[in-house]
There are 2 protein chains.
Amino acid sequence: MTDKMDRRQVRTQQLLRQALLELIESKGIDSITVTDIATHAQVNRGTFYLHYRDVADLLEQWKEEAFERIRARAVQLDLNEAIACALNDEPYPTSIRLLEEFLANGDFFRVMFGPRGDLSYMLRFKELMRSNMYNKITYILPEESEQLVPLDYLLTYLSSANIGILQHWIESGMKLSPREVSLIMMRILCLGPLAATGYKLGKIQLPRISTSAQRDG
Amino acid sequence: MTDKMDRRQVRTQQLLRQALLELIESKGIDSITVTDIATHAQVNRGTFYLHYRDVADLLEQWKEEAFERIRARAVQLDLNEAIACALNDEPYPTSIRLLEEFLANGDFFRVMFGPRGDLSYMLRFKELMRSNMYNKITYILPEESEQLVPLDYLLTYLSSANIGILQHWIESGMKLSPREVSLIMMRILCLGPLAATGYKLGKIQLPRISTSAQRDG
DNA sequence: GTATATAATGAACAAGTTGTTGATTAATCA
DNA sequence: TGATTAATCAACAACTTGTTCATTATATAC
(Lines give C-alpha, C1' and ligand atoms only; values in the text may rest on other atoms or scores of the structure.)
Protein backbone atom coordinates (compact mmCIF):
# COMPACT_ATOMS: atom_id res chain seq x y z
CA MET A 1 0.00 0.00 0.00
CA THR A 2 2.56 2.53 1.08
CA ASP A 3 5.13 1.14 -1.35
CA LYS A 4 6.24 3.32 -4.20
CA MET A 5 4.74 6.36 -2.50
CA ASP A 6 6.57 9.57 -1.78
CA ARG A 7 7.59 9.58 1.86
CA ARG A 8 5.83 12.93 2.30
CA GLN A 9 2.54 11.42 1.19
CA VAL A 10 2.95 8.48 3.52
CA ARG A 11 3.70 10.82 6.39
CA THR A 12 0.72 13.04 5.63
CA GLN A 13 -1.70 10.14 5.37
CA GLN A 14 -0.46 8.68 8.65
CA LEU A 15 -0.89 12.03 10.36
CA LEU A 16 -4.39 12.43 8.97
CA ARG A 17 -5.41 8.92 10.00
CA GLN A 18 -4.01 9.33 13.47
CA ALA A 19 -5.80 12.65 13.89
CA LEU A 20 -9.05 11.17 12.64
CA LEU A 21 -8.86 8.29 15.10
CA GLU A 22 -8.21 10.57 18.04
CA LEU A 23 -11.01 12.90 17.04
CA ILE A 24 -13.51 10.07 16.63
CA GLU A 25 -12.58 8.85 20.07
CA SER A 26 -12.95 12.26 21.66
CA LYS A 27 -16.05 13.67 19.96
CA GLY A 28 -17.50 11.08 17.59
CA ILE A 29 -17.47 11.08 13.81
CA ASP A 30 -20.57 13.24 13.37
CA SER A 31 -19.14 16.61 14.24
CA ILE A 32 -15.64 16.20 12.84
CA THR A 33 -14.75 18.73 10.15
CA VAL A 34 -11.90 18.76 7.67
CA THR A 35 -10.62 21.81 9.52
CA ASP A 36 -10.55 19.78 12.74
CA ILE A 37 -8.49 17.03 11.22
CA ALA A 38 -6.06 19.34 9.49
CA THR A 39 -5.52 21.37 12.64
CA HIS A 40 -5.09 18.31 14.81
CA ALA A 41 -2.69 16.67 12.36
CA GLN A 42 -0.80 19.92 11.87
CA VAL A 43 -1.29 19.64 8.15
CA ASN A 44 -2.54 22.34 5.87
CA ARG A 45 -6.24 22.08 5.17
CA GLY A 46 -5.66 22.20 1.44
CA THR A 47 -3.35 19.22 1.74
CA PHE A 48 -6.23 17.17 3.03
CA TYR A 49 -8.04 17.68 -0.24
CA LEU A 50 -5.00 16.52 -2.19
CA HIS A 51 -5.58 13.09 -0.65
CA TYR A 52 -9.28 12.74 0.18
CA ARG A 53 -12.61 14.08 -0.97
CA ASP A 54 -13.98 14.62 2.52
CA VAL A 55 -13.95 13.17 6.04
CA ALA A 56 -16.10 10.21 5.05
CA ASP A 57 -13.70 9.36 2.22
CA LEU A 58 -10.71 9.25 4.55
CA LEU A 59 -12.50 6.92 6.92
CA GLU A 60 -13.98 4.81 4.14
CA GLN A 61 -10.60 4.04 2.58
CA TRP A 62 -9.22 3.00 5.93
CA LYS A 63 -12.22 0.82 6.70
CA GLU A 64 -11.95 -0.85 3.32
CA GLU A 65 -8.26 -1.57 3.71
CA ALA A 66 -8.68 -3.08 7.17
CA PHE A 67 -11.73 -5.07 6.15
CA GLU A 68 -9.96 -6.59 3.19
CA ARG A 69 -7.12 -7.86 5.35
CA ILE A 70 -9.60 -9.52 7.68
CA ARG A 71 -11.65 -10.95 4.85
CA ALA A 72 -8.62 -12.68 3.39
CA ARG A 73 -8.27 -14.59 6.66
CA ALA A 74 -11.94 -15.11 7.33
CA VAL A 75 -12.66 -16.97 4.10
CA GLN A 76 -10.26 -19.65 5.25
CA LEU A 77 -12.45 -20.48 8.22
CA ASP A 78 -14.19 -23.82 7.96
CA LEU A 79 -17.07 -24.62 10.25
CA ASN A 80 -16.35 -28.34 10.12
CA GLU A 81 -12.77 -27.86 11.21
CA ALA A 82 -13.94 -25.51 13.93
CA ILE A 83 -16.36 -28.07 15.29
CA ALA A 84 -13.68 -30.75 15.20
CA CYS A 85 -11.46 -28.52 17.34
CA ALA A 86 -14.34 -27.67 19.65
CA LEU A 87 -15.05 -31.32 20.32
CA ASN A 88 -11.41 -31.81 21.30
CA ASP A 89 -11.52 -28.62 23.40
CA GLU A 90 -8.76 -27.13 21.32
CA PRO A 91 -8.53 -23.64 19.84
CA TYR A 92 -9.02 -23.43 16.10
CA PRO A 93 -5.73 -22.42 14.41
CA THR A 94 -7.34 -20.56 11.51
CA SER A 95 -9.34 -18.45 13.91
CA ILE A 96 -6.14 -17.66 15.82
CA ARG A 97 -4.65 -16.26 12.60
CA LEU A 98 -7.78 -14.19 12.17
CA LEU A 99 -7.60 -12.78 15.69
CA GLU A 100 -3.94 -11.93 15.16
CA GLU A 101 -4.99 -9.85 12.19
CA PHE A 102 -7.38 -7.87 14.40
CA LEU A 103 -4.62 -7.49 16.96
CA ALA A 104 -2.33 -6.01 14.30
CA ASN A 105 -4.83 -3.19 13.73
CA GLY A 106 -5.92 -3.01 17.34
CA ASP A 107 -5.99 0.76 17.64
CA PHE A 108 -8.27 1.13 14.68
CA PHE A 109 -10.69 -1.60 15.65
CA ARG A 110 -10.83 -0.52 19.25
CA VAL A 111 -12.27 2.80 18.11
CA MET A 112 -14.45 1.42 15.33
CA PHE A 113 -16.07 -1.19 17.56
CA GLY A 114 -16.25 1.07 20.60
CA PRO A 115 -18.90 3.51 21.82
CA ARG A 116 -17.99 6.07 19.13
CA GLY A 117 -17.77 3.31 16.56
CA ASP A 118 -19.50 2.46 13.34
CA LEU A 119 -22.47 0.10 13.34
CA SER A 120 -22.50 -0.40 9.59
CA TYR A 121 -18.89 -1.51 9.78
CA MET A 122 -19.61 -3.99 12.53
CA LEU A 123 -22.57 -5.34 10.57
CA ARG A 124 -20.26 -5.90 7.60
CA PHE A 125 -18.09 -8.20 9.67
CA LYS A 126 -21.14 -9.96 10.99
CA GLU A 127 -22.40 -10.47 7.47
CA LEU A 128 -18.98 -11.74 6.38
CA MET A 129 -19.03 -14.36 9.09
CA ARG A 130 -22.64 -15.19 8.39
CA SER A 131 -22.28 -15.81 4.68
CA ASN A 132 -19.10 -17.72 5.30
CA MET A 133 -20.96 -20.06 7.65
CA TYR A 134 -23.95 -20.46 5.41
CA ASN A 135 -21.84 -22.14 2.74
CA LYS A 136 -20.85 -24.89 5.11
CA ILE A 137 -23.59 -25.28 7.63
CA THR A 138 -26.09 -27.29 5.60
CA TYR A 139 -23.79 -30.31 5.70
CA ILE A 140 -23.90 -30.27 9.46
CA LEU A 141 -27.53 -29.64 10.19
CA PRO A 142 -30.02 -32.41 10.91
CA GLU A 143 -33.06 -32.66 8.65
CA GLU A 144 -35.08 -29.50 8.50
CA SER A 145 -37.94 -31.06 10.42
CA GLU A 146 -35.56 -31.68 13.30
CA GLN A 147 -34.37 -28.09 13.56
CA LEU A 148 -35.37 -26.34 16.74
CA VAL A 149 -34.71 -22.87 15.35
CA PRO A 150 -35.02 -21.26 11.89
CA LEU A 151 -31.72 -21.30 10.04
CA ASP A 152 -31.48 -17.52 9.66
CA TYR A 153 -31.83 -17.09 13.42
CA LEU A 154 -29.23 -19.76 14.06
CA LEU A 155 -26.77 -18.01 11.74
CA THR A 156 -27.54 -14.69 13.36
CA TYR A 157 -26.89 -16.19 16.73
CA LEU A 158 -23.57 -17.72 15.74
CA SER A 159 -22.23 -14.57 14.09
CA SER A 160 -23.55 -12.19 16.75
CA ALA A 161 -22.03 -14.16 19.59
CA ASN A 162 -18.68 -14.46 17.81
CA ILE A 163 -18.51 -10.81 16.88
CA GLY A 164 -19.63 -9.90 20.37
CA ILE A 165 -16.83 -11.86 21.94
CA LEU A 166 -14.38 -10.35 19.48
CA GLN A 167 -15.60 -6.90 20.37
CA HIS A 168 -15.30 -7.55 24.07
CA TRP A 169 -11.77 -8.78 23.61
CA ILE A 170 -10.78 -5.65 21.67
CA GLU A 171 -12.59 -3.27 24.00
CA SER A 172 -11.01 -4.83 27.08
CA GLY A 173 -7.52 -4.12 25.77
CA MET A 174 -6.77 -7.43 24.04
CA LYS A 175 -5.24 -8.81 27.19
CA LEU A 176 -5.94 -12.45 26.39
CA SER A 177 -3.91 -14.04 23.62
CA PRO A 178 -5.62 -14.88 20.32
CA ARG A 179 -5.21 -18.51 21.30
CA GLU A 180 -7.12 -18.05 24.54
CA VAL A 181 -9.90 -16.13 22.85
CA SER A 182 -10.18 -18.80 20.21
CA LEU A 183 -10.59 -21.44 22.88
CA ILE A 184 -13.30 -19.40 24.57
CA MET A 185 -15.12 -19.07 21.27
CA MET A 186 -14.90 -22.80 20.68
CA ARG A 187 -16.24 -23.65 24.09
CA ILE A 188 -19.01 -21.12 24.17
CA LEU A 189 -20.23 -21.44 20.63
CA CYS A 190 -19.99 -25.06 19.70
CA LEU A 191 -21.22 -26.57 22.91
CA GLY A 192 -24.17 -24.25 22.66
CA PRO A 193 -25.62 -24.22 19.18
CA LEU A 194 -24.79 -27.84 18.48
CA ALA A 195 -27.31 -28.77 21.09
CA ALA A 196 -29.68 -26.08 19.87
CA THR A 197 -29.73 -27.44 16.34
CA GLY A 198 -30.93 -30.81 17.59
CA TYR A 199 -27.47 -32.33 17.25
CA LYS A 200 -26.79 -35.38 19.42
CA LEU A 201 -25.41 -34.28 22.82
CA GLY A 202 -28.59 -33.68 24.84
CA LYS A 203 -31.16 -36.27 25.75
CA ILE A 204 -33.97 -33.70 25.74
CA GLN A 205 -35.94 -33.80 22.52
CA LEU A 206 -37.63 -30.51 21.69
CA PRO A 207 -40.15 -29.84 18.93
CA ARG A 208 -39.46 -27.53 16.01
CA ILE A 209 -40.65 -23.92 16.00
CA SER A 210 -43.32 -23.28 13.40
CA THR A 211 -43.87 -19.62 12.53
CA SER A 212 -47.51 -19.73 13.53
CA ALA A 213 -47.30 -22.01 16.54
CA GLN A 214 -49.20 -21.27 19.70
CA ARG A 215 -47.94 -24.03 21.90
CA ASP A 216 -46.95 -27.42 20.70
CA GLY A 217 -44.97 -28.93 23.55
CA MET B 1 -44.96 12.86 27.16
CA THR B 2 -47.17 14.57 24.66
CA ASP B 3 -49.80 15.31 27.30
CA LYS B 4 -50.44 18.89 28.27
CA MET B 5 -48.55 20.07 25.19
CA ASP B 6 -49.92 22.45 22.62
CA ARG B 7 -51.06 20.46 19.60
CA ARG B 8 -48.86 22.59 17.36
CA GLN B 9 -45.79 21.57 19.31
CA VAL B 10 -46.73 17.92 19.15
CA ARG B 11 -47.24 18.18 15.41
CA THR B 12 -43.94 19.95 14.86
CA GLN B 13 -41.99 17.43 16.91
CA GLN B 14 -43.57 14.53 15.09
CA LEU B 15 -42.73 16.10 11.74
CA LEU B 16 -39.15 16.72 12.82
CA ARG B 17 -38.73 13.19 14.12
CA GLN B 18 -40.22 11.64 11.02
CA ALA B 19 -37.97 13.75 8.81
CA LEU B 20 -34.91 12.82 10.85
CA LEU B 21 -35.67 9.13 10.60
CA GLU B 22 -36.10 9.28 6.82
CA LEU B 23 -32.94 11.28 6.40
CA ILE B 24 -30.89 8.90 8.55
CA GLU B 25 -32.16 6.03 6.47
CA SER B 26 -31.33 7.72 3.19
CA LYS B 27 -27.98 9.37 3.88
CA GLY B 28 -26.84 8.51 7.41
CA ILE B 29 -26.69 10.77 10.44
CA ASP B 30 -23.28 12.26 9.68
CA SER B 31 -24.20 14.65 6.92
CA ILE B 32 -27.66 15.68 8.10
CA THR B 33 -28.03 19.40 8.72
CA VAL B 34 -30.71 21.35 10.53
CA THR B 35 -31.58 22.83 7.17
CA ASP B 36 -32.12 19.33 5.77
CA ILE B 37 -34.51 18.37 8.51
CA ALA B 38 -36.47 21.61 8.40
CA THR B 39 -36.84 21.43 4.63
CA HIS B 40 -37.83 17.78 4.69
CA ALA B 41 -40.34 18.29 7.48
CA GLN B 42 -41.68 21.47 5.85
CA VAL B 43 -41.08 23.37 9.04
CA ASN B 44 -39.31 26.68 9.36
CA ARG B 45 -35.67 26.28 10.26
CA GLY B 46 -36.05 28.69 13.17
CA THR B 47 -38.81 26.51 14.57
CA PHE B 48 -36.33 23.67 14.89
CA TYR B 49 -34.32 25.76 17.32
CA LEU B 50 -37.39 26.45 19.41
CA HIS B 51 -37.40 22.73 20.23
CA TYR B 52 -33.86 21.42 19.96
CA ARG B 53 -30.32 22.66 20.26
CA ASP B 54 -29.06 20.80 17.20
CA VAL B 55 -29.47 17.58 15.24
CA ALA B 56 -27.76 15.50 17.90
CA ASP B 57 -30.10 16.87 20.55
CA LEU B 58 -33.19 15.86 18.59
CA LEU B 59 -31.89 12.33 18.16
CA GLU B 60 -30.63 12.10 21.72
CA GLN B 61 -34.01 12.94 23.24
CA TRP B 62 -35.69 10.34 21.09
CA LYS B 63 -33.11 7.70 21.96
CA GLU B 64 -33.46 8.45 25.63
CA GLU B 65 -37.22 8.23 25.56
CA ALA B 66 -37.21 4.90 23.70
CA PHE B 67 -34.46 3.48 25.88
CA GLU B 68 -36.30 4.33 29.06
CA ARG B 69 -39.40 2.49 27.92
CA ILE B 70 -37.32 -0.59 27.18
CA ARG B 71 -35.39 -0.34 30.41
CA ALA B 72 -38.57 -0.36 32.45
CA ARG B 73 -39.38 -3.76 30.96
CA ALA B 74 -35.87 -5.14 30.93
CA VAL B 75 -35.28 -4.77 34.65
CA GLN B 76 -38.12 -7.19 35.22
CA LEU B 77 -36.24 -9.96 33.45
CA ASP B 78 -35.02 -12.69 35.75
CA LEU B 79 -32.43 -15.14 34.55
CA ASN B 80 -33.70 -17.88 36.84
CA GLU B 81 -37.22 -17.60 35.50
CA ALA B 82 -35.85 -17.57 31.97
CA ILE B 83 -33.92 -20.77 32.55
CA ALA B 84 -36.98 -22.39 34.08
CA CYS B 85 -38.93 -21.58 30.93
CA ALA B 86 -36.09 -22.74 28.71
CA LEU B 87 -35.99 -26.11 30.40
CA ASN B 88 -39.71 -26.52 29.72
CA ASP B 89 -39.23 -25.30 26.14
CA GLU B 90 -41.59 -22.45 26.77
CA PRO B 91 -41.20 -18.78 25.85
CA TYR B 92 -40.49 -16.46 28.74
CA PRO B 93 -43.48 -14.15 29.31
CA THR B 94 -41.47 -11.21 30.61
CA SER B 95 -39.29 -11.29 27.51
CA ILE B 96 -42.42 -11.31 25.35
CA ARG B 97 -43.51 -8.06 27.01
CA LEU B 98 -40.06 -6.65 26.28
CA LEU B 99 -40.21 -7.62 22.62
CA GLU B 100 -43.66 -6.07 22.35
CA GLU B 101 -42.16 -2.82 23.53
CA PHE B 102 -39.60 -2.96 20.71
CA LEU B 103 -42.39 -3.76 18.28
CA ALA B 104 -44.29 -0.66 19.40
CA ASN B 105 -41.35 1.51 18.31
CA GLY B 106 -40.43 -0.67 15.37
CA ASP B 107 -39.80 2.11 12.86
CA PHE B 108 -37.34 3.82 15.15
CA PHE B 109 -35.42 0.72 16.14
CA ARG B 110 -35.31 -0.61 12.61
CA VAL B 111 -33.31 2.47 11.63
CA MET B 112 -31.24 2.70 14.79
CA PHE B 113 -30.17 -0.95 14.64
CA GLY B 114 -29.78 -0.99 10.85
CA PRO B 115 -26.85 -0.19 8.56
CA ARG B 116 -27.22 3.57 9.16
CA GLY B 117 -27.72 2.95 12.84
CA ASP B 118 -26.00 3.91 16.03
CA LEU B 119 -23.43 1.60 17.59
CA SER B 120 -23.28 3.45 20.90
CA TYR B 121 -27.02 3.01 21.21
CA MET B 122 -26.84 -0.69 20.51
CA LEU B 123 -24.04 -1.04 23.05
CA ARG B 124 -26.25 0.65 25.63
CA PHE B 125 -28.84 -2.07 25.25
CA LYS B 126 -26.17 -4.71 25.40
CA GLU B 127 -24.85 -3.19 28.59
CA LEU B 128 -28.35 -3.00 30.04
CA MET B 129 -28.84 -6.69 29.44
CA ARG B 130 -25.36 -7.49 30.69
CA SER B 131 -25.63 -5.69 34.02
CA ASN B 132 -29.09 -7.09 34.48
CA MET B 133 -27.74 -10.60 34.11
CA TYR B 134 -24.74 -10.04 36.29
CA ASN B 135 -26.94 -9.43 39.32
CA LYS B 136 -28.48 -12.86 39.01
CA ILE B 137 -25.96 -15.09 37.38
CA THR B 138 -23.71 -15.83 40.34
CA TYR B 139 -26.44 -17.90 41.95
CA ILE B 140 -26.55 -20.17 38.94
CA LEU B 141 -22.90 -20.66 38.18
CA PRO B 142 -20.92 -23.64 39.38
CA GLU B 143 -17.86 -22.96 41.49
CA GLU B 144 -15.35 -20.70 39.82
CA SER B 145 -12.90 -23.53 39.38
CA GLU B 146 -15.49 -25.38 37.31
CA GLN B 147 -16.11 -22.53 34.89
CA LEU B 148 -15.00 -23.22 31.36
CA VAL B 149 -15.01 -19.57 30.35
CA PRO B 150 -14.29 -16.27 32.16
CA LEU B 151 -17.45 -14.69 33.49
CA ASP B 152 -17.07 -11.46 31.52
CA TYR B 153 -16.87 -13.42 28.26
CA LEU B 154 -19.88 -15.50 29.21
CA LEU B 155 -21.91 -12.36 29.90
CA THR B 156 -20.73 -10.82 26.65
CA TYR B 157 -21.76 -13.92 24.82
CA LEU B 158 -25.22 -14.01 26.34
CA SER B 159 -25.98 -10.36 25.74
CA SER B 160 -24.45 -10.27 22.23
CA ALA B 161 -26.40 -13.28 21.07
CA ASN B 162 -29.65 -11.94 22.50
CA ILE B 163 -29.22 -8.48 21.06
CA GLY B 164 -28.13 -10.02 17.77
CA ILE B 165 -31.29 -12.08 17.55
CA LEU B 166 -33.35 -9.04 18.48
CA GLN B 167 -31.65 -7.04 15.77
CA HIS B 168 -32.24 -9.72 13.18
CA TRP B 169 -35.90 -9.86 14.10
CA ILE B 170 -36.28 -6.09 13.74
CA GLU B 171 -34.25 -5.88 10.55
CA SER B 172 -36.22 -8.70 8.93
CA GLY B 173 -39.47 -6.81 9.38
CA MET B 174 -40.64 -8.27 12.70
CA LYS B 175 -42.54 -11.01 10.93
CA LEU B 176 -42.37 -13.50 13.79
CA SER B 177 -44.47 -12.78 16.84
CA PRO B 178 -42.74 -11.74 20.08
CA ARG B 179 -43.73 -15.12 21.43
CA GLU B 180 -41.96 -16.99 18.66
CA VAL B 181 -38.83 -14.89 19.02
CA SER B 182 -38.83 -15.45 22.74
CA LEU B 183 -38.97 -19.19 22.20
CA ILE B 184 -36.06 -19.02 19.76
CA MET B 185 -34.06 -17.07 22.32
CA MET B 186 -34.82 -19.61 25.00
CA ARG B 187 -33.81 -22.53 22.86
CA ILE B 188 -30.68 -21.03 21.42
CA LEU B 189 -29.35 -19.35 24.49
CA CYS B 190 -30.09 -21.56 27.41
CA LEU B 191 -29.34 -24.87 25.82
CA GLY B 192 -26.01 -23.43 24.77
CA PRO B 193 -24.41 -21.51 27.60
CA LEU B 194 -25.77 -23.76 30.31
CA ALA B 195 -23.61 -26.50 28.93
CA ALA B 196 -20.75 -24.06 28.43
CA THR B 197 -20.73 -23.01 32.06
CA GLY B 198 -20.17 -26.60 33.15
CA TYR B 199 -23.80 -27.05 34.08
CA LYS B 200 -25.07 -30.67 34.09
CA LEU B 201 -26.44 -31.60 30.63
CA GLY B 202 -23.31 -32.83 28.87
CA LYS B 203 -21.23 -35.80 29.87
CA ILE B 204 -18.06 -34.19 28.51
CA GLN B 205 -15.99 -32.60 31.27
CA LEU B 206 -13.75 -29.78 30.07
CA PRO B 207 -11.06 -27.99 32.06
CA ARG B 208 -11.25 -24.33 32.95
CA ILE B 209 -9.48 -21.65 30.90
CA SER B 210 -6.78 -19.88 32.84
CA THR B 211 -5.67 -16.56 31.40
CA SER B 212 -2.10 -17.72 30.97
CA ALA B 213 -2.70 -21.32 29.98
CA GLN B 214 -0.87 -22.94 27.13
CA ARG B 215 -2.73 -26.18 27.03
CA ASP B 216 -4.06 -27.99 30.01
CA GLY B 217 -6.51 -30.53 28.67
C1' DG C 1 -67.38 32.78 19.75
C1' DT C 2 -64.14 35.90 21.26
C1' DA C 3 -59.95 37.26 23.61
C1' DT C 4 -55.57 36.00 25.11
C1' DA C 5 -51.64 33.35 24.96
C1' DT C 6 -48.30 31.08 22.49
C1' DA C 7 -46.39 28.62 18.56
C1' DA C 8 -44.72 29.06 13.80
C1' DT C 9 -42.99 31.93 10.16
C1' DG C 10 -39.81 34.75 7.46
C1' DA C 11 -36.03 37.81 6.93
C1' DA C 12 -31.64 39.20 8.19
C1' DC C 13 -27.07 38.81 10.78
C1' DA C 14 -22.11 37.52 11.78
C1' DA C 15 -19.31 33.67 12.27
C1' DG C 16 -17.60 29.45 10.75
C1' DT C 17 -16.96 25.53 7.24
C1' DT C 18 -16.47 23.96 2.63
C1' DG C 19 -14.27 22.99 -1.68
C1' DT C 20 -11.48 25.16 -5.02
C1' DT C 21 -7.79 27.96 -7.13
C1' DG C 22 -3.10 29.76 -8.13
C1' DA C 23 1.32 31.22 -6.60
C1' DT C 24 5.06 30.00 -3.48
C1' DT C 25 8.01 27.18 -0.59
C1' DA C 26 9.98 22.82 0.81
C1' DA C 27 11.20 18.03 0.57
C1' DT C 28 12.38 13.84 -2.02
C1' DC C 29 14.05 11.10 -5.67
C1' DA C 30 17.16 9.77 -9.45
C1' DT D 1 22.91 18.77 -8.01
C1' DG D 2 18.63 19.36 -10.72
C1' DA D 3 14.11 18.06 -11.79
C1' DT D 4 9.98 16.56 -9.81
C1' DT D 5 6.41 16.53 -6.83
C1' DA D 6 4.27 17.44 -2.31
C1' DA D 7 2.93 20.79 1.13
C1' DT D 8 1.85 25.50 2.27
C1' DC D 9 -0.50 29.86 2.24
C1' DA D 10 -4.01 33.22 1.06
C1' DA D 11 -8.16 34.21 -0.98
C1' DC D 12 -12.84 33.00 -2.98
C1' DA D 13 -17.98 32.24 -3.22
C1' DA D 14 -21.38 29.26 -1.47
C1' DC D 15 -23.43 27.23 2.25
C1' DT D 16 -24.69 26.14 7.28
C1' DT D 17 -25.19 27.75 11.79
C1' DG D 18 -27.32 29.91 15.72
C1' DT D 19 -29.57 33.98 16.96
C1' DT D 20 -32.80 37.98 16.83
C1' DC D 21 -37.12 40.37 16.03
C1' DA D 22 -41.36 41.66 13.96
C1' DT D 23 -45.27 39.36 11.94
C1' DT D 24 -48.70 35.84 11.13
C1' DA D 25 -51.33 31.80 12.43
C1' DT D 26 -53.47 28.71 15.58
C1' DA D 27 -54.82 26.73 20.15
C1' DT D 28 -56.80 27.17 24.57
C1' DA D 29 -59.61 29.10 28.24
C1' DC D 30 -63.36 31.75 29.40
Side-chain angles (χ1 to χ4, degrees), chain A residues 1-65 111 116-118 120, chain B residues 1-65 111 116-118 120:
Chain A
M1 189 66 195
T2 58
D3 291 355
K4 199 59 188 168
M5 276 179 66
D6 193 304
R7 283 151 62 197
R8 289 167 293 182
Q9 291 194 50
V10 175
R11 188 186 114 92
T12 298
Q13 295 200 5
Q14 281 175 344
L15 288 173
L16 291 175
R17 284 187 170 187
Q18 186 59 32
L20 174 65
L21 209 57
E22 286 167 9
L23 285 169
I24 291 179
E25 204 164 11
S26 68
K27 58 186 249 183
I29 185 73
D30 298 355
S31 56
I32 296 177
T33 67
V34 172
T35 305
D36 278 338
I37 297 173
T39 304
H40 201 83
Q42 300 195 56
V43 160
N44 190 273
R45 189 169 64 86
T47 306
F48 180 97
Y49 290 105
L50 296 176
H51 292 269
Y52 304 103
R53 210 177 50 255
D54 51 27
V55 178
D57 185 39
L58 164 59
L59 181 57
E60 188 56 37
Q61 285 192 30
W62 199 355
K63 281 161 64 177
E64 199 56 40
E65 192 184 311
V111 172
R116 305 285 199 184
D118 184 325
S120 80
Chain B
M1 189 67 194
T2 57
D3 290 356
K4 199 59 188 167
M5 275 179 67
D6 193 302
R7 283 150 63 198
R8 290 167 294 183
Q9 291 195 51
V10 175
R11 188 186 113 92
T12 298
Q13 295 201 5
Q14 281 176 344
L15 288 172
L16 291 175
R17 284 187 170 187
Q18 186 58 34
L20 174 65
L21 209 57
E22 287 167 9
L23 285 169
I24 291 178
E25 204 164 12
S26 67
K27 59 185 248 183
I29 186 74
D30 299 355
S31 55
I32 296 177
T33 67
V34 173
T35 305
D36 278 338
I37 297 173
T39 304
H40 201 83
Q42 301 195 57
V43 159
N44 190 273
R45 189 171 63 87
T47 305
F48 179 98
Y49 291 105
L50 294 176
H51 293 270
Y52 304 103
R53 209 177 52 254
D54 52 26
V55 179
D57 185 39
L58 164 59
L59 181 57
E60 188 57 35
Q61 285 192 29
W62 199 354
K63 282 161 64 178
E64 199 55 39
E65 191 183 312
V111 171
R116 306 284 199 184
D118 184 325
S120 80

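For the numbers below, each heavy atom of this structure counts, side chains included, while hydrogens, waters and symmetry mates do not.
- Here Leu21(B) contributes atom CG and Arg116(B) contributes atom CZ; the two are 13.0 Å apart, rounded to the nearest 0.5 Å.
- Note: CG (Asp54(B)) to P (dT17(C)) measures 15 Å, nearest angstrom.
- Taking CD of Glu60(A) as the reference point, atom CG of Asp54(A) lies at 10.5 Å (rounded to 0.5 Å).
- Annotation: side-chain hydrogen bond (donor to acceptor under 3.5 Å, both in side chains) contacts of Arg8(A) (sequence neighbours excluded): Asp6(A).
- Between His51(B) and dA8(C) there is a side-chain N or O to OP1 or OP2 distance below 4.0 Å.
- In DNA chain D, runs of at least 3 consecutive Watson-Crick or G-U pairs, each pair with both distances below 3.5 Å, span C:1-12 with D:19-30, C:14-18 with D:13-17, C:20-30 with D:1-11.
- Contact footprint of chain A on DNA chain D: nucleotides with an atom under 4.0 Å from a non-hydrogen protein atom, first to last in 5' to 3' order, dT5(D) to dA11(D).
- Listed in residue order, the members of residues 32-49 of chain A having a heavy atom less than 4.0 Å from DNA chain C are Thr33(A), Val34(A), Thr35(A), Arg45(A), Tyr49(A).
- Nearest heavy atoms, Val55(A) versus Thr33(A): CG2-C, 4.0 Å.
- The interatomic distance linking Leu50(B) (CG) with dA7(C) (P) rounds to 9 Å, in whole Å.
- The line from CD1 of Ile32(A) to NE2 of His40(A) is 9.5 Å long, rounded to the nearest 0.5 Å.
- Within the 4.5 Å cutoff, the side chain of Gln18(A) has heavy atoms near those of the Glu22(A) side chain.
- Protein atom CE of Met5(B) is 11 Å distant from nucleotide atom C1' of dA7(C), rounded to whole Å.
- Inter-residue side-chain proximity for Leu20(B) and Ile29(B) is flagged as met; some heavy-atom pair is nearer than 4.5 Å.
- Within the structure, salt bridge (Lys or Arg N to Asp or Glu O under 4.0 Å) pairs that include any residue of residues 23-40 of chain A comprise Glu25(A)-Arg110(A), Lys27(A)-Asp36(A) (at least two apart or interchain).
- The CD-C1' distance, from Gln9(B) to dA5(C), rounds to 12 Å in whole Å.
- At a threshold of 4.0 angstrom between heavy atoms, the contacts of Arg7(A) are confined to the sugar-phosphate backbone, with no base atom among them.
- Summarising the geometry of Asp118(B) relative to Lys63(B), their closest heavy-atom pair is OD2-NZ, 2.8 Å, with the distance given to 0.1 Å.
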Using atom types as modelled, flag every donor-acceptor pair under 3.5 Å from a side chain in residues 42-53 of chain A to any protein atom, sequence neighbours excluded.
residue, atom, partner, partner atom, Å
Asn44(A), OD1, Gly46(A), N, 2.9
Thr47(A), OG1, Asn44(A), O, 3.4
His51(A), ND1, Gln13(A), NE2, 3.1
Tyr52(A), OH, Gln13(A), OE1, 3.4

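- Rounded to an integer number of Å, the gap from Leu58(A) CG to dG19(C) P is 13 Å.
- The CZ atom of Arg7(B) lies 12.5 Å from the OG1 atom of Thr12(B); values are rounded to the nearest 0.5 Å.
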